[in-house]
Amino acid sequence: MKLCFIGAGYVGLVSGICFAEFGNNVICVDRDKDKIDKLNKSVIPIYEQGLQELLNKNVKENRLKFTTDLKYGVENSDIVFIAVGTPSLPDGDVDLSAVKAVAEDIARYINGYKVIVNKSTVPVGTQKLVKELVKKNQIGAHDFDVVSNPEFLREGNAVYDTMNADRVIIGADSRKAADVMLELYKFVKCPVKVTTPESAEMIKYASNAFLATKITFINEIANICEKVGADVEEVAEGMGLDSRISDKFLRAGIGYGGSCFPKDTKAIVKIAEKAGYSFETVKSIINTNERQKLKPVEKLQEVLGEIKGRIIAVLGLAFKPNTDDIREAPSIDIITRILEMGGIVKAFDPVAISNAEKVLNGVEYGSDIYETVKDADAIILVTEWDEFKEIDLQKVRHLVKRPIFIDGRNVFEADEMINLGFEYYCIGRKDSTSIDELSSSLLNC
Ligand SMILES: NC(=O)c1ccc[n+]([C@@H]2O[C@H](COP(=O)([O-])OP(=O)(O)OC[C@H]3O[C@@H](n4cnc5c(N)ncnc54)[C@H](O)[C@@H]3O)[C@@H](O)[C@H]2O)c1
């Protein structure tokens with residue numbers, strides 16, 4: 001089939017390349033000329049495992065093109081995907097300006113029946129809105145349909161997720177459009193569900209709000225575990241054995257970030273509010289997550305007292321491993337707070353430093369882990385990259401000025417860290433303090 005993806009970001013680019021791999025002819029359109037120039041030189045502007053090989057292969061086999069020319073993209077496609085950003089406005093509502101602009105542009109170039117697909121995450125009612133905008137701005141009188149087809153890929157696993165989707169949701173109000181989409185997705189092995197456009201739009205927000213709730217729930221359980229002497233990993237494992245709960249998304253840590261959960265939780269609160277409903281659960285999730293992100297700084301203050309003038313090494317900037325995306329990453333809140341308190345921040349991330357440099361001032365970036373931790377008064381591990389799990393801890397122990405290690409992702413074992421001479425703090429598990437307490441209480445027995 002002939003496809004056009006408008007917006008060559010994490011979603012549009014990965015989906016476009018993967019659909020080319022499935023044998024479709026794909027045109028990826030973006031207004032960012034620099035991005036398109038890079039793509040035309042086979043340089044991928046984002047970090048996503050496995051994407052480079054697929055791009056090279058599909059460009060070579062002539063199934064994949066990149067352009068800034070939206071007219072060319074629309075005129076030469078049967079299905080046009082809108083995959084532009086939908087960031088939060090200051091009040092939490094969704095900024096639909098890019099979606100609206102693209103809908104108006106598509107309208108001008110329709111030259112035959114098209115299925116226009118909202119792949120961007122958009123509030124309930126946006127399928128209708130896009131339909132109205134296209135109708136209003138259309139120059140000819142060609143037939144078209146608008147479908148909602150939300151995206152569920154995870155950054156860092158985006159290629160795998162697109163190739164091995166859990167489910168495909170098609171929100172359509174016309175049989176013809178639903179059939180076109182079913183034909184497009186006929187290769188998938190997962191359930192394909194056709195719903196109303198409104199339900200499809202809601203499925204995306206409800207899924208992300210639910211996942212954010214699950215993460216925040218286990219983070220709060222971790223906070224309570226610290227106070228009552230339980231271990232959140234044992235608790236999570238025990239809970240996860242219940243098939244109604246499942247063991248997924250039960251890893252305690254310093255909160256969620258990224259380009260989706262923060263904005264989508266705010267958006268669903270706003271969607272509810274506009275419909276006259278106050279979504280108390282998700283409001284509370286948002287506030288709790290904001291607090292959780294700053295837990296390492298709290299710990300730091302407890303242990304160091306004064307942060308002013310202290311060197312804090314931050315390991316990990318991306319909001320999660322295997323991506324260079326730092327949108328709403330906990331690292332930003334943590335570093336900003338430490339800098340406000342007069343601390344000196346040295347940071348390292350395997351791939352996200354150039355993105356961090358665009359939004360964080362006053363941070364020194366190390367060229368590797370060891371250079372970053374040298375002479376540090378404390379280390380905070382923020383992102384659980386595999387390469388951090390494999391660090392030479394003995395070497396780190398000798399490089400730091402003071403061996404305080406705050407493990408925001410529960411990557412290391414407390415016993416091992418303490419044996420190496422670290423003052424080790426983690427989230428909801430036994431750390432140096434609790435082990436000290438435990439050994440003294442055992443001694444007292
Ligand atoms: N990133 C994710 O993990 C993820 C997962 C599921 C859904 N989503 C949703 O998918 C959508 C896109 O997210 P993303 O992370 O890919 O965004 P992104 O910011 O990485 O990419 C958006 C792209 O759209 C381009 N663009 C904006 N306006 C344009 C226009 N008028 N014409 C052409 N191009 C234009 C931008 O230049 C940019 O390259 C959002 O609604 C997001 O919520 C994202």
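Ligands are counted one by one from 1 in listed order, and the atoms in each one are counted from 1 as well.
Side-chain contact annotation: Tyr424 with Asp407, donor-acceptor N/O pair under 3.5 Å present.
Taking CD1 of Ile379 as the start and NZ of Lys346 as the end, the distance is 10.5 Å to the nearest 0.5 Å.
Taking only nitrogen or oxygen atoms, main chain and side chain alike, Val11 reaches within less than 3.5 Å of ligand 1. Polar contact with ligand 1: absent for Lys119 (N/O pair, distance under 3.5 Å). In terms of polar-atom proximity, defined here as any N/O pair under 3.5 Å, Tyr10 does make such a contact with ligand 1.
Comparing heavy-atom distances from atom 40 (C) of ligand 1 across Thr323, Val14, Thr86 singles out Thr86 as nearest. The option from Asp30, Ile82, Asn118 that lies nearest to atom 39 (O) of ligand 1, judged by heavy atoms, is Asp30. Counting heavy atoms only, Glu155 comes closest to atom 2 (C) of ligand 1 of the residues Glu48, Arg327, Glu155.
Residue Ser259 touches ligand 1 through its side chain alone, judged by heavy-atom distances below 4.0 Å. When non-hydrogen atoms are compared, ligand 1 lies under 4.0 Å from the side chain of Lys204 (C-beta onward) but not from its backbone. For Ile6, every heavy-atom contact with ligand 1 shorter than 4.0 Å involves the side chain, none the backbone.
At least one heavy atom of Cys260 sits under 4.0 Å from some atom of ligand 1.
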